[in-house]
Novice: 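So that we are looking at the same thing, I have put the structure below in structure tokens.
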Amino acid sequence: MGKINFVDLKKQYESIKPEIDAGIARVIGNTSFILGSDVEEFEKEFAAFCGAKHAIGVASGSDALILGLKALGVGSGDEVISVPNTFIATLDGIANNGAKPVLVDVEEDTQDMDVPKVEGAITSKTKAILPVHLFGQSVDMGPLMEIAEKHGIPVVEDACQAHGARYKRKRVGTFGKLSCFSFYPGKNLGAYGDGGAVVTNDDAIAEKIKLLRNYGQKVKYYHTLVGHNSRLDSLQAAILRAKLKHLDSWNKKRNEHAKKYNELLSGVKGIITPVEKEYAEHVFHLYVIRNKKRDALGEFLKKKEIFTGIHYPVPLHMQEAYKYLGYKEGAFPVAEKCAREILSLPMFAELNDEEIERVVDGVKEFVKSL
Ligand SMILES: *Cc1c(COP(=O)(O)O)cnc(C)c1O
């Protein structure tokens with residue numbers, strides 16, 4: 001029995017090798033390495049996939065967050081409401097604009113933003129609300145948009161883990177003023193290096209992101225804004241174009257694998273499996289279970305060459321970098337409890353039933369051994 005990786009990007013490449021290789025050869029052939037036609041075409045195709053007017057390719061999901069918030073005018077003295085149990089880049093996007101992250105706790109079942117808690121966190125300084133569609137499942141966007149509209153505060157979606165996910169049949173990334181995607185290799189739509197995109201229906205914001213990502217210039221050497229060098233690389237765009245065609249079918253496979261895991265793990269003592277809300281179409285970027293002894297469980301599985309992850313072990317208000325926010329341990333009890341119990345099992349489209357069964361057998365064996 002071979003090992004079961006947490007993600008397996010090699011298997012995916014092997015399944016579409018000619019398409020990827022053709023895309024890479026095209027870019028090298030036309031030497032349009034920066035911006036150019038593959039970036040433009042990918043932007044059109046990704047916008048169409050999301051059901052949005054614009055997608056603007058940038059260098060990473062982190063930069064999508066930084067530039068997206070900057071385009072909204074978020075800056076020093078402002079507050080942005082988000083959650084403590086996300087990847088660090090969500091808060092870095094806020095803090096790198098000089099603004100202050102204000103956190104609210106999450107729901108225990110989905111680990112997504114606890115929307116009813118948002119209103120209590122709004123102040124006169126709140127400049128944006130930044131929900132994260134964690135693990136590939138949409139935040140409860142209906143009630144969240146109601147609160148945001150009532151207060152006239154723009155929503156920025158962190159959709160870095162949720163390419164293709166839906167809320168009530170509409171793709172995530174199309175609810176807020178703008179949304180941010182990452183094409184980090186392990187994401188549901190991943191490049192062979194870094195990449196990201198800002199998605200929006202707002203023409204003015206799209207224009208501003210295009211300026212910000214390219215030295216503040218529209219015409220070469222005429223700079224209207226203080227800018228950045230944060231473009232989606234053309235080679236990555238060509239790879240993403242090849243992969244985008246398969247994304248829906250890959251997401252469908254992930255969802256099927258999750259159902260199989262849920263079924264096989266149901267009733268296993270002490271194991272909490274993820275829920276898919278009735279409003280959501282979950283794309284299972286991560287399949288996250290909970291168990292009180294998750295460290296030991298992870299070690300047990302590792303001995304069987306089954307590799308797992310923890311997303312994420314330390315809530316962000318307890319990270320050294322964000323101590324200055326002044327939150328104490330205990331400030332977000334749900335996020336903190338989940339952080340102690342979560343374990344991400346192997347999840348990628350190319351997993352097969354036999355491998356899922358092996359993972360589940362490993363989990364069951366661990367539970368029995370207690
Ligand atoms: C991956 C990720 C990011 C950052 O994306 P990079 O492309 O790695 O910079 C931001 N937010 C969340 C929730 C992510 O999962």
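Just follow the structure's listing: the first ligand is 1, and inside any ligand the first atom is 1.
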Novice: Looking at G61, which atoms of ligand 1 are within less than 4.0 Å of one of its heavy atoms?
Specialist: 5 (O), 6 (P), 7 (O), 9 (O)

Novice: Taking only heavy atoms of S60, which atoms of ligand 1 are found under 4.0 Å from at least one of them?
Specialist: 7 (O), 9 (O)

Novice: Nearest protein heavy atom to atom 4 (C) of ligand 1, by residue and atom, and its distance?
Specialist: A89 CB, 3.6 Å

Novice: Please confirm whether D194 comes within less than 3.5 Å of ligand 1 when only nitrogen or oxygen atoms on both sides are compared.
Specialist: no

Novice: Atom 9 (O) of ligand 1: which protein heavy atom is closest, and how many Å away?
Specialist: S62 OG, 2.6 Å

Novice: Among the clusters formed by ILVMFWY side chains lying less than 4.5 Å apart, do L301 and L370 turn up in the same one?
Specialist: yes

Novice: Before we go on, tell me: are the rings of F183 and F42 under 6.0 Å apart, centre to centre?
Specialist: yes

Novice: Tell me: protein heavy atom nearest atom 11 (N) of ligand 1, and distance?
Specialist: D158 OD2, 2.8 Å

Novice: Output, in order, the C-alpha distance, side-chain angles, deciding distance and verdict of side-chain contact (heavy atoms from CB on, under 4.5 Å) for L91 and S82.
Specialist: CA-CA 8 Å; L91 298 201; S82 197; 4.1 Å; yes

Novice: Using every non-hydrogen atom in the two residues, find where D194 and Y184 come nearest and quote the distance to one decimal.
Specialist: OD1-CD1, 4.0 Å

Novice: Would H317 and F332 count as a close aromatic pair, with their ring centres under 6.0 Å?
Specialist: yes

Novice: For atom 15 (O) of ligand 1, which protein heavy atom lies nearest, and how many Å away is it?
Specialist: Q161 NE2, 2.9 Å

Novice: So which atom in A52 and which in N201 form the shortest heavy-atom distance, rounded to 0.1 Å?
Specialist: CA-OD1, 3.4 Å

Novice: Give the atom numbers and elements of ligand 1 that come within less than 4.0 Å of a heavy atom of V132.
Specialist: 13 (C)

Novice: Aromatic contact between F87 and H285, with the criterion being ring centroids under 6.0 Å apart: yes or no?
Specialist: no

Novice: What is the nearest protein non-hydrogen atom to atom 14 (C) of ligand 1, stated with its residue, atom name and distance?
Specialist: K187 NZ, 3.2 Å

Novice: Do F49 and F181 make the cut of ring centroids closer than 6.0 angstrom?
Specialist: no

Novice: Need the ligand 1 atom indices (1-based, order shown) with element for anything under 4.0 Å from a heavy-atom of T86.
Specialist: 13 (C)

Novice: Suppose we measure from atom 10 (C) of ligand 1 to each protein heavy atom; which comes out shortest, and what is that distance?
Specialist: C160 SG, 3.5 Å

